[in-house]
Novice: 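A single structure is presented below for examination.
For clarity, every value in this text was computed on a predicted model and none was experimentally measured.
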Amino acid sequence: MKHLVNTSRTIAVVFMALSAASTGVAANKKSQEESKPNILFIFADDQMWNSLGSIEGCPVKTPNLDRLREQGVSFTHAYNQGSYAAAVCVASRMMLNTGSQLWRAASFSPNVNRRDRNSPKYTLPYTIERRTPEALWSEYMKEAGYETYFTGKWHVHGFKNPPFDHVKHVRAGMPSQSKARYTRTFTPGEPDTIWSPYDESFGGYWKGGKHWSEVLGDDSVAFLNQARESDNPFFMYLAFNAPHDPRQAPKEFVDMYPAEDIEVPENFLPEYPYNEYAGSGRTLRDEMLAPFPRTEYSVQVNRQEYYALISHMDVQIGRILDALEATGKADNTYIFFTADHGLAVGDHGFIGKQNMYDSSMRVPFLMAGPGVKPDSTVNAPIYLQDVMATSLDIAGLKKPKQVDFNSLLPLATGQTTQSVYGDIYGAYFGSQRMIRTDRYKMIIYPVANKVRLYDMINDPMEMNDLAEGEERPVELLNALFARFKKLQKEMDDPIDVTEAFNNFLNNVPPPPLEEPQVRAKAETPAYRSIPAPKGAAIDVETASAASGFSKLPVPAASGRTVTANQKTNNDPVASLTDGRLAEGMGPVFPNGVQNGAYKMDLGSVQSVAAITSWSYKQGSRGRQKITLYGSDSVTDPGWDLSRFTELCTIDTAGSASADYTAASLRADAGKSLGKFRWIIWAASPVTGKGGGENTAFQELAVEIIN
């Protein structure tokens, strides 16, 4: 990393609020370092812009964020630029930590050109050339003389360890989501017996014994107590996982928001008409958190748990603010609060954040500190990632070439009311594009040949699509598109959407798509009962822990074993693949996924002694029917079951409910089940209440005879 040089420019309005002693130490380098303002950055995950109690009409109780709001400025129009990943937080955090705009930040990600099961099925293709960033945010701050501290969610692909002086509790992209959460029926008047946000047995935020938000609060308070005795300026990066799902909070917070009292958003839809074209359809993980078609009650319950988790996080933020006050350094500290992106939670028929509507693109942004006018408001548009450039400005650093975003000090301190951004840009893969001017928002779905247009002043809920009006405003659309093309060039956007835009103006209809998987009520699949082959036996066992199996060799089978675990990416077999069989594996289930099937390559034709499948912490939903197939083809036989031998169906319905359920097909001693190169296993639920439809919770061991 090249050396970073302090600038000699003084931000007069900033340092007016510092102690008088700091004005006479310009010649002393150590004193200069000591006088630098501290920076406390608090980051939420999935928090929509209008979820602060200080906003008129907002039902969410956030007294501590409201206190921070009174101490400083609220930027009312802060945006994320979108994403090159289905997990939008990945792109947002890469932009935040490199300071680079969306597609330049994408070039720093090792996964940018890869697609996972949540990536849009329908998207215009592109390839991003990989690069290496000069440095990350914390490294710049270290160069400026700051002691750096991190706790919470990192999730910056390609950078496994946060490069901070002090690191505590690095969390995953999201707390582990239990499978039960996807099968909730959301029936008014009926108790939800499948999943509870305050049942600690589901893990998630409760994993480790203490709620993750509370742990982050503990970590932050501990460091601030330590910083009280230090003369070093500090930079704290505190990244909550809240209010990301699974939205779990103590019961007292959930009870603050009775579901029946929660207002359903005015722009609620049973299903968004272009969700599949936009890459935000029925099979996207985030969108599986409510049934299709959406019901008002499912939105109310989702919002109940969302609000509860925000209020619980707010309590931890209060602890952090109190600890900062106790250090005696609050007057010389800049505090920032924002989120990586918003969340729909029912707006326009969406539950997630993979869309261009304000609830998902726009975030709260609060800033307090020296020179910032208390209880003030800035309506000029900004990007949330401007916080990084602002901190470098506060630290006295010349903005590095890599940093595209801009300091907010001129806006926060009243030096200007004008944003440096003429228009706001948005993108999601090759499936969505957006431009937001001071009045209009235009969204483009290039796969659908579809354009949407909203007057954001007169229609802030984005309900009246002007592009579909009786008199289409062609002149306005063309003018906006010209501005968008200019913005695309500035962003190094790899997708040209001109053809799709022209198709829309020429009334070219959207192309037909495959029928999406429907999240509908499950039906029990019909099964042929296939007994074990001659000379083999089927056995089923349950256990409360992985080590608790007494009869079956789980998870380590004797002899030479090949294992595959899709949940933890433990995949020693390079060609393990997964997919859906076209037929024969049952209907679509409540989480929108048809019965899954996984295929394992044994590397060559092998004599197999046993095949054991087990499920992890699925409770009663570990009771499944597992069907096993084998093929001796030396080349990949694909998913054509006519080229596989159906070995057996194992029904675990008679077994007791347990955290772990194992089912095994084992040959008698000295015998084999046959010689196979390929193994397919598929699981379906015993009842219509879901269970085996998501075999990502399945593991498989194949015992090979030496």
Side-chain angles (χ1 to χ4, degrees), residues 1-2 4-5 7 9 39 41 43 75 77-85 88-109 112 126 128-141 143-144 156-159 237 336 338-341 356 361-363 365 367 378 380-412 416 418-429 433-437 483-495:
M1 181 176 68
K2 70 181 183 181
L4 305 174
V5 182
T7 66
R9 182 174 66 89
I39 296 170
F41 173 62
F43 206 29
F75 290 85
H77 289 74
Y79 296 89
N80 182 45
Q81 288 186 348
S83 184
Y84 52 80
V88 182
C89 53
V90 169
S92 177
R93 289 161 201 265
M94 183 67 83
M95 287 186 276
L96 176 70
N97 282 280
T98 62
S100 298
Q101 293 177 358
L102 181 62
W103 297 108
R104 293 166 202 155
S107 69
F108 301 139
S109 171
V112 63
Y126 59 85
I128 302 295
E129 184 178 350
R130 285 291 317 284
R131 298 184 301 146
T132 301
E134 172 194 68
L136 299 185
W137 186 6
S138 61
E139 294 171 313
Y140 289 125
M141 298 305 290
E143 282 283 329
V156 181
H157 285 174
F159 303 92
Y237 184 125
F336 297 90
T338 188
D340 54 357
H341 44 71
M356 297 287 113
M361 297 292 290
R362 193 171 159 194
V363 295
F365 194 108
M367 176 182 173
V378 171
I382 65 167
Y383 292 110
L384 71 92
Q385 290 83 5
D386 287 327
V387 65
M388 188 263 214
T390 307
S391 72
L392 301 186
D393 195 0
I394 292 168
L397 291 176
K398 180 180 179 180
K399 189 168 81 167
K401 184 178 180 181
Q402 173 182 292
V403 176
D404 297 319
F405 294 101
N406 296 281
S407 173
L408 299 175
L409 279 177
L411 283 167
T416 183
Q418 297 299 313
S419 172
V420 298
Y421 305 109
D423 300 317
I424 293 295
Y425 168 86
Y428 183 67
F429 286 89
R433 290 297 184 271
M434 180 201 80
I435 181 172
R436 171 79 149 84
T437 71
R483 292 170 70 165
F484 173 72
K485 292 285 286 184
K486 180 177 181 291
L487 199 54
Q488 271 196 305
K489 186 176 181 180
E490 295 172 2
M491 296 287 171
D492 293 335
D493 189 333
I495 296 291

Novice: I want to check something: taking the side chain as every heavy atom from C-beta on, are L96 and F405 in contact at a cut-off of under 4.5 Å?
Specialist: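 In short, these two side chains do not touch, never coming nearer than 4.5 Å.
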Novice: Supply the atom-to-atom distance F43 CZ to Y237 OH, rounded to the nearest 0.5 angstrom.
Specialist: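 So the gap between those two atoms works out to 5.5 Å.
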Novice: Just verifying a value: how many Å separate F365 CZ and I382 CD1, rounded to the nearest 0.5 Å?
Specialist: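 Answer for the CZ-CD1 pair, F365 versus I382, is 4.5 Å.
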Novice: Taking all heavy atoms of H157 and all of S109, pick out the closest pair and write down the distance.
Specialist: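 H157 and S109 have their closest heavy atoms at CB-OG, 4.0 Å.
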Novice: Please confirm whether the backbone N or O of P133 pairs with a side-chain atom of Q402, one donor and one acceptor, at under 3.5 Å?
Specialist: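 Absent.
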Novice: Using modelled atom types only, decide if a donor and an acceptor are shared between the side chain of T390 and the backbone of L408 within a distance under 3.5 Å.
Specialist: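 Checking the backbone N and O of L408 against the side chain of T390, a donor-acceptor pair under 3.5 Å is found.
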Novice: Could you report the tightest heavy-atom contact between I39 and S391, atom names first, then the distance?
Specialist: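 Shortest heavy-atom contact: CD1-CB, 3.6 Å.
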Novice: Could you state the interatomic distance from CG (D386) to CZ (F336), rounded to the nearest 0.5 Å?
Specialist: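 It comes to 10.5 Å.
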Novice: Using distance alone, with no hydrogens and no angle criterion, decide if D493 and Y126 have a side-chain donor and acceptor under 3.5 Å apart.
Specialist: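 On atom types as modelled, these side chains do not qualify, holding no pair under 3.5 Å.
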Novice: Write down the atom of A105, the atom of M95, and the distance for their closest heavy-atom approach.
Specialist: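 Shortest heavy-atom contact: CB-CG, 3.7 Å.
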Novice: Is D423 salt-bridged to K486, cutoff N-O under 4.0 Å?
Specialist: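 Between K486 and D423 there is no salt bridge, as every charged N stays at least 4.0 Å from the carboxylate O atoms.
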Novice: Distance-only, no hydrogens or angles: does the R433 side chain make a donor-acceptor pair with backbone N or O of A427 under 3.5 Å?
Specialist: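 The answer is no, because no donor-acceptor pair under 3.5 Å joins these two groups.
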Novice: First locate atom NZ of K399, then atom CG of N406, and finally report the distance between them rounded to the nearest 0.5 Å.
Specialist: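 Answer for the NZ-CG pair, K399 versus N406, is 4.0 Å.
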Novice: Can you find a pair of side-chain heavy atoms, one from V387 and one from W137, that are under 4.5 Å apart?
Specialist: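 Touching, per the 4.5 Å side-chain cut-off.
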Novice: Minimum heavy-atom separation for P400 and L392, please, with both atom names.
Specialist: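 Minimum heavy-atom contact is CD-CD1, 3.7 Å.
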Novice: Would a 4.5 Å heavy-atom cut-off, applied to side chains only, mark E129 and S107 as touching?
Specialist: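 Sidechains of S107 and E129: no contact.
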Novice: About how many Å separate CD of Q81 and CD1 of I424, when rounded to the nearest 0.5 Å?
Specialist: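 These two atoms lie 7.5 Å from each other.
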Novice: With distance as the sole test, does S92 use its side chain to make a donor-acceptor pair with the main-chain N or O of V88 at under 3.5 Å?
Specialist: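 Side chain of S92 to backbone of V88, a donor-acceptor pair under 3.5 Å: no, none is there.
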Novice: Evaluate the criterion side chain to side chain donor-acceptor pair (under 3.5 Å) for residue pair Q385 and N97; output intermediate values, then yes/no.
Specialist: CA-CA 8 Å; Q385 290 83 5; N97 282 280; over 6 Å; no
Novice: In the structure I gave you, are the side-chain heavy atoms of Y428 and M356 within less than 4.5 Å of one another anywhere?
Specialist: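 Yes, close enough: below the 4.5 Å cut-off.
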Novice: Counting N and O atoms only, with roles assigned by atom type, does the side chain of Y383 sit under 3.5 Å from a partner on the main chain of Y425, one being a donor and the other an acceptor?
Specialist: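 Checked: pair present.
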Novice: Which atoms form the tightest heavy-atom contact between S83 and A91, and what is the distance?
Specialist: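 Here S83 and A91 meet closest at OG-CB, 3.4 Å.
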Novice: D404: which residues meet the side-chain contact (heavy atoms from CB on, under 4.5 Å) condition with it, sequence neighbours left out?
Specialist: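 Result, side-chain contact (heavy atoms from CB on, under 4.5 Å) vs D404: S100, Q101, R104.
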Novice: Looking only at atom types and distance, does a side-chain atom of S419 sit under 3.5 Å from a main-chain N or O of P381, one as donor and one as acceptor?
Specialist: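 Yes; at least one donor-acceptor contact below 3.5 Å.
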Novice: Minimum heavy-atom separation for A380 to L411, with atom names?
Specialist: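 Distance-wise, the nearest heavy atoms are CB-CD2, 4.2 Å.
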Novice: Going from CG on N80 to CZ on R93, what distance comes out if it is rounded to the nearest 0.5 angstrom?
Specialist: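 So the gap between those two atoms works out to 10.5 Å.
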